[in-house]
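Below is one structure, written out as structure tokens, with a few remarks after it.
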Amino acid sequence: MRKSTFIAAAATSLLFAGAATAQSFTYDVVWEPVESVGGMTGPNGTSGGAGVVNGTYKTTFDDGSVQEGKVRCVGMQQPDNGLFDIHLSCTSSDNTGSASLIYGCNYLGEPGPDTPLGCVGGLQGKSGDAEGRRGSLTMEWYSDANARGTGQWYGGE
């Protein structure tokens, strides 16, 4: 259940750059173990549940500047045949402010706890330099403890 439930979080942390125009970035996340919450076994043996995960991230902006921070996500598996296999909701923070992130993720192969996830999402600055800004994200959760992605902040205030 580890990554499938929580991918989203890491990528979003990157959100906190404070420019007034569109700004691109890449990021890497190191995840702690996922804490499973609830869940029930369905008729086909799969478990529908949720999880919480904490991580640290390092974001590199297109101007070469680097920002490090923390991210916390909660993820929940989605019903079969939906657009996404997992939804993530995250909060990231660093010394410049905080942001909210949301992701929709799908397995990059046969669903399972060791299968990488591919995610797309959005972000919104909540406090500090990025307050009021919005952007978009991608993320690949490629191992138990690692994810990487890209993003872009749009406009400014």
Original post:
Any side-chain heavy-atom pair from Leu117 and Tyr107 closer than 4.5 angstrom?
Top reply: yes
**OP:** First locate atom CZ of Arg148, then atom OG of Ser143, and finally report the distance between them rounded to the nearest 0.5 Å.
**Re:** 8.5 Å
**OP:** Rounded to the nearest 0.5 Å, what's the gap from CD on Gln152 to CG on Leu123? Could you check?
**Re:** 10.0 Å
Original post:
Side chains of Val52 and Arg72: does their closest heavy-atom pair fall under 4.5 Å?
Top reply: yes
Original post:
Does any non-hydrogen side-chain atom of Leu108 lie less than 4.5 Å from one of Trp141?
Top reply: no
Original post:
When rounded to the nearest 0.5 angstrom, what is the spacing between CG in Asn54 and OG1 in Thr91?
Top reply: 10.5 Å
Subject >> Any residue meeting side-chain hydrogen bond (donor to acceptor under 3.5 Å, both in side chains) with Asp62, in chain and number order, not counting sequence neighbours >> reply: none
Original post:
Rounded to the nearest 0.5 Å, how far does OG of Ser98 lie from CD of Gln124?
Top reply: 10.0 Å
Subject >> Side chain to side chain, Leu137 and Ile102, heavy atoms closer than 4.5 Å >> reply: no
**OP:** Please name the pair of heavy atoms, one in Asp94 and one in Gly69, separated by the smallest distance, quoted to 0.1 Å.
**Re:** CB-CA, 3.9 Å
Original post:
Within a strict 4.5 Å, meaning less than it, do heavy atoms of the Asn95 and Gln67 side chains meet?
Top reply: yes
Subject >> side chain to side chain contact (heavy atoms under 4.5 Å, CB included) partners of Gln78, counting only residues at least two apart >> reply: Met76, His87
Subject >> Point-to-point distance, once rounded to the nearest 0.5 Å, from CD of Gln77 to CG of Asp85 >> reply: 8.5 Å
**OP:** Determine whether Glu68 and Thr56 make a side-chain contact, defined as any pair of heavy atoms from C-beta on separated by less than 4.5 Å.
**Re:** no
**OP:** Compare every heavy atom of Ser93 with every heavy atom of Tyr57, then report the nearest pair and how far apart it is.
**Re:** OH-O, 3.4 Å
Subject >> From OG1 (Thr150) to CZ (Phe25), nearest 0.5 Å >> reply: 7.5 Å
**OP:** Could you identify which residues cluster with Leu83, counting Ile, Leu, Val, Met, Phe, Trp and Tyr as linked when any side-chain heavy atoms lie under 4.5 Å apart, either directly or through a chain of such contacts?
**Re:** Phe84, Val120
**OP:** Report the residues that fulfil side chain to side chain contact (heavy atoms under 4.5 Å, CB included) with Asp63, sequence neighbours left out, ordered by chain and then residue number.
**Re:** Gln23, Phe61, Ser65
